[in-house]
Amino acid sequence: MEDDLESSQAHAVLNFMLFLNDTLSRTSHHFEQETLCSPEEANVIALLSRRGPLMVKEIAQAMPGIDPSKLTRILDSLEKQGYATRTLNREDRRSFLVTPTEQGMQLLGTFTAHLQELAQGILASLTSTERLILVELFTKIQTNGLRSPDS
């Protein structure tokens, strides 16, 4: 009986993850069409806004899912679109520092607004007590370090 319960719970969680993945994909696609910027590019800008100017190798370390050649393409695109700049690192002249521009910070605001709208939509169908419980559960899952199959 316990295995059946856990199996049905795991199935319900799986269905929610698939729903959330589809919803995030549609939101990302809409954002990309609106801004001509990929969510990965917005994620790099978000990282730069949190941690300040970073060397390319520091960005790569902070985003282990992106291979170096893809990161180079992302940085090239961000620079070409005016969302980030690369300048010679005065402390290590063999490297560059990547910094978000004002336009990049505006892009991040747009991306965050898209995600905020999605979050509001998810919470809208819940009572205030259910929202508190959901946030508490999300925090617990995040704190305990959710592991992906490849980590």
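These numbers come from the heavy atoms of this one structure, side chains and all, not from hydrogens, waters or symmetry mates. From a predicted model like this one, the values you see are computed outputs, not experimental measurements.
- Taken to the nearest 0.5 Å, the CG atom of Asn43 stands 5.0 Å off from the CE atom of Met63.
- Arg86 and Asp76 are joined by a salt bridge, as a carboxylate oxygen and a charged side-chain nitrogen come within less than 4.0 angstrom of each other.
- The pair Lys70-Glu40 counts as a salt bridge, with a side-chain nitrogen and a carboxylate oxygen less than 4.0 angstrom apart.
- A donor-acceptor contact shorter than 3.5 Å links the side chain of Asn144 to the backbone of Lys140.
- Through side-chain heavy atoms spaced under 4.5 Å, either directly or across other Ile, Leu, Val, Met, Phe, Trp or Tyr residues, Leu123 is tied to Leu126, Leu134, Phe138.
- If you chain together hydrophobic residues whose side chains sit under 4.5 Å apart, Phe111 and Ile122 fall into the same group.
- Residues Met55 and Ile45 fall into different hydrophobic clusters, defined by Ile, Leu, Val, Met, Phe, Trp and Tyr side chains chained together at heavy-atom separations under 4.5 Å.
- Listed for the Ser28 side chain is no donor-acceptor partner under 3.5 Å among the backbone atoms of Ser25.
- Closest heavy-atom contact between Ala42 and Leu108: O-CD1, 4.1 Å.
- Hydrophobic clustering, with ILVMFWY side chains joined whenever heavy atoms are under 4.5 angstrom apart, groups Val44 together with Met105.
- Residues meeting the side chain to side chain donor-acceptor pair (under 3.5 Å) test with Asn21, sequence neighbours left out: none.
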| message | For Leu54 and Val98: C-alpha separation, side-chain torsions, deciding distance, then whether side chain to side chain contact (heavy atoms under 4.5 Å, CB included) applies. | response | CA-CA 5 Å; Leu54 295 174; Val98 182; 5.7 Å; no
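- A distance of 10.0 Å separates OG1 in Thr101 from CG in Leu48, rounded to the nearest 0.5 Å.
- Under a 3.5 Å cut-off, the side chain of Thr110 and the backbone N or O of Gln106 do form a donor-acceptor pair.
- Put simply, OG on Ser38 and CG on Leu78 are 7.5 Å apart, with the number rounded to the nearest 0.5 Å.
- Cluster annotation: Tyr83 is not connected to Leu97 through the hydrophobic network of ILVMFWY side chains, with a link wherever side-chain heavy atoms come within less than 4.5 Å.
- Linking ILVMFWY side-chain heavy atoms closer than 4.5 Å, directly or via other members, places Leu115 and Phe16 in a single hydrophobic cluster.
- Heavy atoms only, all atoms of each residue included: Thr99 and Pro53 are closest at OG1-CB, 3.5 Å.
- The CG atom of Leu107 lies 9.0 Å from the OG1 atom of Thr112; values are rounded to the nearest 0.5 Å.
- Separation of atoms OG (Ser77) and CD (Glu41) is listed at 3.5 Å; rounding is to 0.5 Å.
- Annotation: the span from Phe96 atom CZ to Ile59 atom CD1 amounts to 12.5 Å, rounded to 0.5 Å.
- Side-chain contact between Arg26 and Thr23: present, with at least one pair of heavy atoms (C-beta onward) separated by less than 4.5 Å.
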